[in-house]
Amino acid sequence: KAGVTQTPRYLIKTRGQQVTLSCSPISGHRSVSWYQQTPGQGLQFLFEYFSETQRNKGNFPGRFSGRQFSNSRSEMNVSTLELGDSALYLCASSRMASGGAGRETQYFGPGTRLLVL
Amino acid sequence: GESVGLHLPTLSVQEGDNSIINCAYSNSASDYFIWYKQESGKGPQFIIDIRSNMDKRQGQRVTVLLNKTVKHLSLQIAATQPGDSAVYFCAETYTGGFKTIFGAGTRLFVKA
């Protein structure tokens, strides 16, 4: 079974631009979560989606948004990029077969490394 | 704010020794805890988990201990190998939370 895939793997943008990152979960997984990882802040939760609905959101500004499609694939968007948005963005999927209780094991992709200049 | 913290940011052990990585969590409502391993250039990889109705769970060479009284979690790695060198994260979540809170991470160095 293929793992979680994320595209692109590396990205360089300049301040003020916007970026869209993509995540394809493991086949059969319906929950997708996004995290930002930086050396200073560690792994920070961005948001979680299940059946195209955002069920929870972390403490990030409105410039960070996401969505999930009917095939469970997910995208996240960051608008008006700032230097501090440089990070590794990780996507994780879990089965949540019956809607779940938020306690299922997550499987992570390799991440998209974003550099903002 | 919400946090799951670690007592030791860096741990260096000799190959063959046992390793113990500790973690303190802050949310009393958390009922599911996970340890992840992250190698350079990769996403976190699931190692072992434990639910709050347990205080110990064993896997292959790894054991997780949970002390809910003091909100403490630990990961024990037996006979540590060079391939165990990585950053280890503890994480917590709770029923209906739909989000996972990660600790800061501990870097484990295994000396050959």
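Numbers restart at 1 for each chain; the letters A, B, ... are given by sequence-line order, proteins then strands. In this text the structure is predicted, and so the values were computed from the model without any measurement.
- In the displayed structure, A/Arg15 atom CZ is contacted under 6.0 Å by at most 12 heavy atoms of other residues, nucleotides or ligands.
- Rounded to the nearest 0.5 angstrom, B/Ile47 CD1 and A/Thr105 OG1 are separated by 12.0 Å.
- Residues B/Leu11 and B/Val62 fall within the same hydrophobic cluster, defined by Ile, Leu, Val, Met, Phe, Trp and Tyr side chains chained together at heavy-atom separations under 4.5 Å.
- Hydrophobic cluster membership differs between B/Leu65 and B/Leu73, with clusters built from Ile, Leu, Val, Met, Phe, Trp and Tyr side chains linked at under 4.5 angstrom.
- Linking ILVMFWY side-chain heavy atoms closer than 4.5 Å, directly or via other members, places A/Phe64 and A/Leu21 in a single hydrophobic cluster.
- Looking at A/Leu43, both its backbone and its side chain come within 4.5 Å of chain B, counting heavy atoms on both sides.
- Note: the hydrophobic cluster containing A/Trp34 does not contain A/Phe45 (ILVMFWY, side chain heavy atoms under 4.5 Å, direct or indirect links).
- Across all their heavy atoms, B/Gly43 and A/Leu90 have their closest contact at CA-CD2, 3.9 Å.
- Hydrophobic clustering of Ile, Leu, Val, Met, Phe, Trp and Tyr side chains at less than 4.5 Å, counting indirect connections, keeps A/Leu115 apart from A/Leu11.
- For the set A/Gly42, A/Pro110, A/Ala92, the count of heavy-atom pairs under 4.5 angstrom toward chain B peaks at A/Pro110.
- Note that the CG atom of A/Leu46 and the NZ atom of B/Lys99 stand 11.0 Å from one another [nearest 0.5 Å].
- For A/Leu88, the part lying near chain B is the side chain, with the backbone staying farther off; criterion is any non-hydrogen pair under 4.5 Å.
- At a 4.5 Å heavy-atom cutoff, the contact between A/Tyr35 and chain B is made by side-chain atoms alone.
- Neither the backbone nor the side chain of A/Arg113 comes within contact range of chain B, judged by heavy atoms closer than 4.5 Å.
- Closest approach of B/Phe46 and A/Gln106 over heavy atoms only: CB-O, 4.5 Å.
- Heavy atoms of B/Gln38 lying under 4.5 Å from chain A belong exclusively to its side chain.
- Within 6.0 Å of CD on B/Gln14 lie more than 12 heavy atoms contributed by other residues, nucleotides or ligands.
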